[in-house]
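Worksheet: the structure to be examined is printed underneath.
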Amino acid sequence: MIKFENIHINYGGVKVIENLSLEIGRGEKVVIFGKSGSGKSSLFSLLLGFTTPEKGKVFFDGKPVDEKNVWNVRENIAYIDQSVSLGSGKIKESLASVFALKANAGLGFSEKRLNDLTNFFDLPPDVNDKNIEDLSGGEKQRLAIIIAILLKRNVFLLDEITSALDEALKKKVADYFANNNEYTCLINSHDPVWLENPTIKIFNLDEKKWLQ
Amino acid sequence: MATIDISIFSLALTFILLALPAALSLIFGFNLIKSLFYSVARMSVQLILIGFFLKYLFEWNNAIINLLWLTVMILTAVYSAVKSSEIKTGKIFAPVFISFSFATFIVIFYLNIVVIPIENVFDARYLIVLGGMLLGNSLRGNIVGISAFYKNIRKESKEYLYKLSLGATLYEALLPYFRDSVRLALQPTLAAMATMGIVALPGMMTGVLLGGASPETAIKYQIVIMIAIVTSTILSVVLTILTTIRICFDKFGVLQPDVFIDYKNGGNKKRIKRNKKLISKTE
């Protein structure tokens, strides 16, 4: 599903990733493990076409990610970034703008589905009426997760999505993704809660080795 | 009643007024004397030169020369707008020049051919003076709009990229910034129009009245020029943003960091300088 082939990434003249090859199959859940700054988020940037590697190729669903198909690749990946860049303003409007995009217009936004998910992830039922700035870090994180799920995509790039959550919610979120057979997940996280799931594979980015 | 001319002696007397701001600056320590005198001196020299130049321009009233001079004015305005956008001049000068030229010429010729209308559409008095007013006033809006557009996208790069990841096309991701920038660019002109005549008589009207025209004529000219300004401002901002997008964003839809003047290979020049300063302070 996702393939990184002989990837070299430089940032500011510093070699961040050197000769990395990594393949993630459909339905797999892979946690990327490595020191801060070891380039874990760079892998997400590569896949989404936000940066290009110095050397090497990135493949999604068998095809190389290039300027023509990257727009289509993005429509098939749900990305939740570390800083939860939802912007500001009314949540209702933010949600509406997500589903107003041409790429998402055919999805059909269901209030019921939104309510089910807000319930499931312990968000207050009236969250839709709030402003993004009024949410706590953990609430924003869960909102971003919900949006990602509502996009009905099967490939997820999860960048530290449990960092602001309490123990119970961390487990809930990790289980939700780990146990869904349809989902392919590339996970950037320091959180040990992910490792509790037998479906999770672990890849050490510094040593370029599979651990589990 | 035509304009009363001011003799050179009388003009010199006006400079005496500057003793007031100078005194205040000394008393309160504003430290403004140097920049005040520099600006006044520079303005005076520039206006004197322009005065001579316009005298001959009006005398010759040659269409080609007039157009050339208008082009020089546009080039200067474009350079000013590009410099303040903090984007590398070489990259966007051409599209901005085309946008400004198009916006200015379309409005000016509409005024000269349809609205006023005058026999010689290249008449110096109308082409250059009106053209200059258009350029000067819409330049302000352009500077605000163009720099806001690119600076905000760079500042909010995470939000912008997130939008792309949601499936947005380049246009969809840019739209909110485009809208904000254009609104920002027009705000001063719209605000000025809203209070025009109530707070103070605007420059164009004042000049026309001092020149001996009736108030009826004066207000008509003022209305015409304000509508022309708002039209050319929005035209030039929109065209400039649309034409520079293709240069500043790559085919993946990402704003290229190296289009900014302060970009140094490997990161933000300013940030690197700042960090170096901090490090040397703590050592």
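Letters A, B, ... are given to chains in the order of the sequence lines, protein chains preceding strands, and every chain is numbered from 1.
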Does atom [atom1] of [X] have more than 12 heavy-atom neighbours from other groups under 6.0 Å away?
X: F120(A); atom1: CZ; value: yes
X: F249(B); atom1: CZ; value: yes
X: K208(A); atom1: NZ; value: yes
X: K158(B); atom1: NZ; value: no
X: D129(A); atom1: CG; value: yes
X: Y176(A); atom1: OH; value: yes

How far does CG of L86(A) sit from NZ of K163(B), to the nearest 0.5 angstrom?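 One gets 10.5 Å once the value is rounded to the nearest 0.5 Å.
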Applying salt bridge (charged side-chain N to carboxylate O under 4.0 Å, His left out), name anything that partners E23(A), two or more places apart in sequence or on another chain.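 E23(A) satisfies salt bridge (charged side-chain N to carboxylate O under 4.0 Å, His left out) with no residue once adjacent residues are dropped.
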Among [range], which residues come closer than 4.5 Å to chain B, judged by heavy atom distances?
range: residues 43-81 of chain A; value: L48(A), G49(A), F50(A), T52(A), D66(A), E67(A), V70(A), W71(A), R74(A), E75(A), I77(A), Y79(A), D81(A)
range: residues 88-112 of chain A; value: S97(A), V98(A), A100(A), L101(A), K102(A), A103(A), N104(A)
range: residues 139-155 of chain A; value: I147(A), L151(A), R153(A)

